[in-house]
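Accompanying notes for the structure given below.
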There are 2 protein chains.
Amino acid sequence: MTPKEQSRNAFKPLYQKIEQAITNKIIAGEWGPGDMLPSEFQLADLLSVSQGTVRKALEALTQSNVVYRRQGVGTFVSENTLKDMLFHFFHYKANDGVDKGLPSAELIDIELIDASPEIASELELTRGDGVIKIIRIRKLADKPCIAEQIYLPQHFFTQLDINDSLPNSLYHYYQESFNITINKAADKIRAVIANESDQALIKVRPGNPLLEVTRRARALDGRLVEYRISRVDSEQLHYLVDLN
Amino acid sequence: MTPKEQSRNAFKPLYQKIEQAITNKIIAGEWGPGDMLPSEFQLADLLSVSQGTVRKALEALTQSNVVYRRQGVGTFVSENTLKDMLFHFFHYKANDGVDKGLPSAELIDIELIDASPEIASELELTRGDGVIKIIRIRKLADKPCIAEQIYLPQHFFTQLDINDSLPNSLYHYYQESFNITINKAADKIRAVIANESDQALIKVRPGNPLLEVTRRARALDGRLVEYRISRVDSEQLHYLVDLN
DNA sequence: CAGTGGTCTAGACCACGCT
DNA sequence: GCGTGGTCTAGACCACTGT
């Protein structure tokens with residue numbers, strides 16, 4: 001590679017470096033979830049660039065949901081609030097069209113296990129690494145509709161007590177208790193047939209069709225933090241995707 | 001509503017008006033799919049605003065996939081090309097992880113029908129309006145994997161000849177032959193059990209689980225142009241969603 | 001090398017929310 | 001009224017592409 005090609009490839013706009021610098025400060029905890037960032041001009045002074053460049057970085061961070069901005073108020077580090085989670089990470093809607101919000105969660109089981117080959121692969125761990133396995137169900141108006149298996153690398157959640165109860169919104173809990181902010185995820189959606197386990201958990205008849213949604217979720221810093229399998233009663237809920 | 005409140009609510013940034021103005025020119029056909037738009041400075045002169053404002057409008061139009069920009073070359077009206085369609089409107093992936101591209105389509109039936117209550121409702125038509133119904137299947141390496149029912153308001157496709165053959169990518173065809181550019185869509189995903197029709201079309205055993213994806217697609221100008229039901233062999237394909 | 005989009009800066013002014 | 005983000009402008013310069 002010639003020097004010219006190097007400099008071509010090495011070019012990175014200033015606003016992207018600023019974006020990374022701000023992200024790093026958030027990851028480092030300099031500004032926590034919900035905290036207000038310095039104003040555009042203060043950040044510009046702090047980082048020795050113009051206000052316009054800071055603005056472009058903050059627009060990008062708003063886009064990727066790292067911060068949010070309110071005119072007349074300020075720029076804040078995003079939180080995994082319930083409202084935000086519904087919008088970004090919960091795309092199930094009732095088939096009848098009535099919005100019932102986030103179904104309530106009920107813990108069935110939680111235990112520390114050794115990663116099976118499948119789980120290790122999905123979480124990019126080594127077989128046998130410690131993994132926290134959570135089984136719970138979600139109910140809509142007392143009727144079970146989703147069975148969730150959730151796998152967490154034990155490494156990131158060393159403080160988690162197996163005997164504690166869990167809140168309805170885990171992502172908020174990860175953030176509050178473990179300083180892990182879920183920021184990106186990928187869902188794979190398949191159709192499956194309900195088995196005996198599904199029957200026991202969410203009272204669907206074996207043979208009924210279910211959506212199986214497997215999710216790999218990443219934290220702000222890009223670390224793979226959660227693997228989740230949701231089995232969803234298709235007679236109650238569907239998965240909605242907006243494309244453009 | 002007081003005058004003050006009126007003026008508050010009436011405020012609309014200049015760049016949004018510019019965005020709309022450019023969109024309107026594209027809808028009107030002043031610039032067609034693939035055409036190069038005037039440069040930022042030319043547009044600024046044309047619309048009597050600064051280059052920076054034009055830039056902001058074009059950035060928004062890039063975001064919503066109305067235009068695309070290539071540094072050093074120009075700004076172009078987006079086309080429903082195969083590559084673009086795969087990226088924006090085809091989110092099925094092979095379960096084995098191997099990317100096989102867009103499965104080839106095979107026409108089974110095409111006819112002009114009167115809208116049933118369900119179809120009329122989904123396409124926001126009146127019961128009995130003329131609707132073109134297309135049935136086709138998609139194959140991956142000669143193996144059927146998706147059965148598609150497609151419903152088009154006859155009104156938008158008056159030139160369509162029932163006896164013509166159809167290309168693999170309908171969206172490109174809508175654009176080329178009917179000046180209809182698909183720009184937005186919403187997919188509803190459910191799990192269903194294969195029936196006799198599915199068995200006949202895509203050779204799955206009755207009782208097997210399928211994904212049923214119903215899509216309502218809109219043109220650039222916001223008109224509802226297509227209602228599509230895809231029944232997908234879940235043993236071959238899954239639906240992938242990226243969240244952030 | 002000419003022409004295009006992309007970056008960066010500086011400054012003025014507007015809209016908004018809070019107090 | 002003050003401080004914040006949002007809009008709009010003007011201008012300089014950089015990076016990329018095609019001829």
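Letters A, B, ... are given to chains in the order of the sequence lines, protein chains preceding strands, and every chain is numbered from 1.
Among pairs with a residue in residues 58-78 of chain B, those fulfilling ring pair (Phe, Tyr, Trp, His ring centres under 6.0 Å) read B:Tyr68-B:Phe76, at least two apart in sequence or across chains.
Residue A:Arg55 contributes atom CZ, which lies 16 Å from atom P of C:dT7 at whole-angstrom precision. Between the CZ atom of A:Phe11 and the P atom of C:dG5 there is a distance of 17 Å, given to the nearest Å. A:Tyr15 has its OH atom 13 Å from the C1' atom of D:dC14, to the nearest Å. What separates CD of B:Glu59 from C1' of C:dG6 is a distance of 9 Å, to the nearest Å. The interatomic distance linking B:Gln16 (CD) with C:dC14 (C1') rounds to 15 Å, in whole Å.
For residues 31-54 of chain A, proximity to DNA chain D is found at A:Met36, A:Ser39, A:Glu40, defined as any non-hydrogen atom under 4.0 angstrom from a strand atom. Sorted by residue number, the members of residues 70-81 of chain A with any non-hydrogen atom under 4.0 Å from DNA chain D read A:Arg70, A:Gln71, A:Gly72, A:Val73, A:Gly74, A:Thr75.
Taking B:Asp35 as the reference, nothing meets the side chain to side chain donor-acceptor pair (under 3.5 Å) condition, with sequence neighbours excluded. For B:Asn183, there are no side chain to side chain donor-acceptor pair (under 3.5 Å) partners, not counting sequence neighbours. In this structure, A:Lys188 has no side chain to side chain donor-acceptor pair (under 3.5 Å) partners at least two apart in sequence or on a different chain. When the salt bridge (Lys or Arg N to Asp or Glu O under 4.0 Å) test is applied to A:Lys25, the partners found at least two apart in sequence or on another chain are A:Glu30. Taking the salt bridge (Lys or Arg N to Asp or Glu O under 4.0 Å) definition, one finds that B:Lys100 meets it with B:Asp96, sequence neighbours left out. Residues satisfying the salt bridge (Lys or Arg N to Asp or Glu O under 4.0 Å) criterion with B:Glu79, sequence neighbours excluded, are absent altogether. Not counting sequence neighbours, A:Tyr15 has no partner by the side chain to side chain donor-acceptor pair (under 3.5 Å) test.
Dashed line: the shortest gap from a side-chain N or O of A:Lys56 to OP1 or OP2 of C:dT7 is under 4.0 Å.
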What donor-acceptor contacts under 3.5 angstrom involve side-chain atoms of residues 43-53 of chain A, with partners at least two apart or in another chain?
| residue | atom | partner | partner atom | Å |
| --- | --- | --- | --- | --- |
| A:Ser50 | OG | A:Gly52 | N | 3.4 |
| A:Ser50 | OG | A:Thr53 | N | 3.4 |
| A:Ser50 | OG | A:Thr53 | OG1 | 3.3 |
| A:Gln51 | NE2 | A:Glu40 | OE1 | 2.6 |

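Taking five base pairs at each end of the helix from C:dC1-D:dG18 to C:dC18-D:dG1, the local helix axes there meet at an angle of 20°, rounded to 10°.
Residues B:Leu224 and B:Glu124 share a closest heavy-atom pair of CD2-CD, 3.7 Å.
A donor-acceptor pair under 3.5 Å is formed between the side chain of A:Arg216 and the backbone N or O of A:Glu122.
At a cut-off of 3.5 angstrom, the base of D:dG6 holds no donor-acceptor pair with the side chain of A:Arg69.
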